[in-house]
Amino acid sequence: MFKKVMLGTILSACMLNAAGYKIPEQSNDGLALGASNVAVNFGPDAAYYNPANMMFMHDSRHYFENTLAWFHIHPVKFHTNDGREFKSQKFDTMASTFHFVSPEHYENWRFGLSLAVPVGVGIGWSNKDAAFSGKRFKLKAVELNPTVAYRINDKLAVALGARAVYTKGFVATELYGDGYRHVHGDGINFGYNLALSYKPTDELSFAVTYRSKVSLKVSGKTRSDYTGKPQANGGGAGGAGNGGAALNSMLDFYGKTKVNIPLPAQLQLATAYKLYDTTFMFAYERTFWSSFNGYDFEYDNAPKNPIFYGLYDKKIEKNYRNTNTFRFGIAHELNPKIRLMAGFVYDQKAAKNPYSVSFDLPDTKSYAYSAGINYKFSENLEFAFSGLYQDRQKSSASVKAMKDQKFSIRPTPTTLNGHFGDAKIWILSTGIKYKF
């Protein structure tokens with residue numbers, strides 16, 4: 001009947017990803033190499049990308065890395081089939097991540113810790129039709145990921161980690177100037193990750209990693225107010241004989257709310273080969289988006305009428321498929337101090353049909369191009385600079401709105417058919433690596 005808003009997400013990293021809302025780039029090397037650095041790592045980001053590789057870091061010392069990134073999300077345009085155009089708001093923000101690897105305090109054992117931002121959507125619309133289901137979406141999310149690795153022999157290592165994800169979000173929708181709904185919430189949820197690395201030779205590496213699904217259970221408060229002129233239902237939508245109840249009494253609500261959004265499981269198969277001073281990397285990534293089949297806000301003591309139910313309380317079904325992502329990277333040691341890096345990523349679209357593409361989640365396939373440089377100041381200190389450009393392809397969509405851009409006691413829903421146009425995302429990052 002009506003389009004209900006997902007608790008859309010915007011992280012401190014605030015990035016729209018092609019398939020859904022995941023963010024794989026969690027370090028300078030990860031950004032420069034398109035997150036293909038799974039079978040081999042050049043620093044402590046191994047603690048996140050593949051903790052089994054911690055056992056193949058040569059020095060038994062403390063490793064630390066910190067990255068600061070700037071994200072720019074270019075406005076997205078929605079073109080309707082009848083010739084109208086809506087434009088989202090651009091967004092700029094900063095984010096920071098860190099990674100740590102311990103010395104080998106116990107023979108054949110090492111410990112790691114990462115602070116990362118694993119998912120994100122950030123988008124807002126001012127047009128009335130778009131604001132009806134997607135005025136503004138925000139969610140700050142941080143993942144703390146402690147890991148432990150064990151060396152089985154000189155060629156094989158395994159690792160296990162725990163995932164603690166904190167989320168805090170906000171969503172706003174509008175009723176064509178006659179009302180609004182604001183939702184605030186947060187939550188802490190848990191998962192795990194596994195990794196295996198095999199190095200048959202010094203030049204060749206293979207890896208398998210798995211990150212479990214995390215159900216992001218977010219709880220908070222909702223305020224819904226009708227601010228337009230009172231409208232008696234006359235025995236219509238609200239039912240006969242109720243004394244002419246007004247829309248403000250049917251839609252006004254303030255109370256507890258919860259929603260569940262999956263951070264899907266992810267499997268990676270990766271390899272790397274070093275030829276003289278150049279390392280070639282490839283990672284195949286399978287993301288199990290089929291676990292995302294919709295979202296449903298649950299309200300405590302919500303108004304019991306079909307208007308509130310249709311606008312805010314009816315589950316929205318999503319039809320998502322599991323996706324494949326292909327990551328390619330190359331790193332060249334120009335000299336003992338300088339390493340040059342580049343990457344390319346193809347990411348599939350997760351939504352199976354236009355009804356699963358929306359103003360809050362304009363899912364599409366994408367191509368990403370990246371590059372970076374790492375400079376070694378000394379044996380203990382390194383500096384890096386990286387950049388990534390993501391080209392998001394156009395995507396057909398069928399979204400819900402109100403006929404004639406009006407909301408009344410007898411609302412008339414309609415479908416806006418069209419497509420989201422090409423979109424662009426830029427990420428620039430800088431950071432340091434230090435060991436002691």
Side-chain angles (χ1 to χ4, degrees), residues 24-61 63 65 67 99 101 104 110 112 149 151-157 159 195-209 268-285 325-346 367-389 429-435:
E25 295 83 9
Q26 301 292 337
S27 68
N28 276 293
D29 289 348
L31 188 66
L33 296 166
S36 64
N37 53 325
V38 178
V40 66
N41 302 98
F42 301 99
D45 61 353
Y48 182 82
Y49 286 105
N50 181 359
N53 276 345
M54 294 190 297
M55 300 314 305
F56 298 110
M57 299 175 74
H58 298 296
D59 292 341
S60 184
R61 305 172 68 185
Y63 285 78
E65 177 178 358
T67 299
H99 307 285
V101 175
E104 201 169 319
R110 242 175 165 163
R151 181 190 296 110
I152 297 175
N153 55 47
D154 290 341
K155 299 180 183 296
L156 184 65
L196 178 148
S197 286
Y198 175 58
K199 293 179 68 70
T201 69
D202 290 340
E203 297 79 20
L204 182 63
S205 301
F206 297 98
V208 180
T209 69
Q268 286 187 314
L269 306 176
T271 187
Y273 185 76
K274 186 173 183 179
L275 182 64
Y276 300 108
D277 295 325
T278 304
T279 303
F280 301 89
M281 287 155 277
F282 171 74
Y284 164 75
E285 183 178 297
T325 303
F326 302 92
R327 304 182 181 278
F328 303 85
I330 183 171
H332 177 69
E333 302 290 339
L334 187 63
N335 57 50
K337 288 186 174 293
I338 297 176
R339 182 174 71 249
L340 304 177
M341 297 168 286
F344 171 75
V345 182
Y346 168 70
Y367 304 94
Y369 312 86
S370 59
I373 183 171
N374 189 90
Y375 182 77
K376 183 180 289 187
F377 282 100
S378 68
E379 182 62 28
N380 298 329
L381 181 64
E382 299 177 32
F383 172 81
F385 180 80
S386 304
L388 180 143
Y389 167 73
S429 72
T430 186
I432 62 169
K433 297 185 183 80
Y434 184 69
K435 56 186 178 180

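For the numbers below, each heavy atom of this structure counts, side chains included, while hydrogens, waters and symmetry mates do not. All values derive from a computational prediction rather than experimental measurement.
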Could you tell me whether the side chain of Ser36 and the main chain of Arg327 form a donor-acceptor pair under 3.5 Å? no
Could you tell me if the side chain of Asn380 sits less than 4.5 Å from the side chain of Arg61, heavy atoms only? yes
State, with a plain yes or no, whether a side-chain heavy atom of Thr430 is found less than 4.5 Å away from one of Phe383. yes
On a heavy-atom basis, which atom in Ala39 and which in Ala207 lie closest, and how many Å separate them? CA-CB, 3.7 Å
More than 12 foreign heavy atoms under 6.0 Å from CG of Asn153: is that the case here? yes
Using 0.5 Å steps for rounding, measure from the CG atom of Asp45 to the OG1 atom of Thr67. 8.0 Å
What is the distance from atom NE2 of His58 to atom OG of Ser60, rounded to the nearest 0.5 Å? 13.0 Å
Is the shortest heavy-atom distance from the side chain of Asp29 to the side chain of Arg339 under 4.5 Å? yes
Sequence-distant partners of Tyr367, ring pair (Phe, Tyr, Trp, His ring centres under 6.0 Å), two or more places apart: Tyr346
Please tell me whether Phe377 and Tyr375 form a close aromatic pair, meaning their ring centres lie under 6.0 Å apart. yes
To the nearest 0.5 Å, tell me how far Asn37 CG sits from Leu31 CG. 10.0 Å
Beyond-backbone contact of Pro44 with Lys433, side-chain heavy atoms, under 4.5 angstrom: yes
So, for Pro51 and Ala195, which heavy atoms are closest and what is the spacing to 0.1 Å? CD-CB, 3.8 Å
Correct closest heavy-atom pair for Leu33 and Ile330 would be CD2-O, 3.4 Å
Looking just at side-chain N and O atoms, do Asn50 and Thr209 make a donor-acceptor pair shorter than 3.5 Å? no
Spatial distance of atom NZ (Lys199) from atom CG (Leu156) [nearest 0.5 Å]: 12.0 Å
Which pair of heavy atoms, one from Ala52 and one from Ala159, lies closest together, and at what distance? N-CB, 3.4 Å
Which residues pass the salt bridge (charged side-chain N to carboxylate O under 4.0 Å, His left out) test with Glu104, sequence neighbours left out? Arg151
Sequence neighbours left out, cut at 3.5 Å: what donor-acceptor pairs do the side chains of residues 277-284 make with other protein atoms?
| unit_1 | atom_1 | unit_2 | atom_2 | d |
| --- | --- | --- | --- | --- |
| Thr278 | OG1 | His332 | ND1 | 2.8 |
| Tyr284 | OH | Asn324 | OD1 | 2.5 |

Give, for atom CD1 of Ile432 and atom CD of Glu382, the distance between the pair rounded to the nearest 0.5 Å. 10.5 Å
Look only at the side chain of Ser370 and the backbone of Ala342, and say whether a donor-acceptor pair between them is shorter than 3.5 Å. no
Without swapping roles, check the side chain of His99 against the backbone of Gly43 for a donor-acceptor pair under 3.5 Å. no
Going by heavy atoms in the side chains, are Met341 and Asn374 under 4.5 Å from each other? yes
Any side-chain heavy-atom pair of Asn41 and Tyr49 under 4.5 Å: yes
Crowded around Asn335 CG? As in, over 12 foreign heavy atoms under 6.0 Å? yes
Can you measure from NZ (Lys376) to CD (Glu333) and round to the nearest 0.5 angstrom? 7.5 Å
Under-4.0 Å salt bridge between Glu379 and Lys435: yes
Measure across Thr271 and Ser205 and return the closest heavy-atom pair with its distance rounded to 0.1 Å. OG1-O, 2.9 Å
Stepwise, does the side chain to side chain contact (heavy atoms under 4.5 Å, CB included) test hold for Tyr48 with Ser27? CA-CA 9 Å; Tyr48 182 82; Ser27 68; over 6 Å; no
Using every non-hydrogen atom in the two residues, find where Asn28 and Glu65 come nearest and quote the distance to one decimal. N-OE2, 3.7 Å
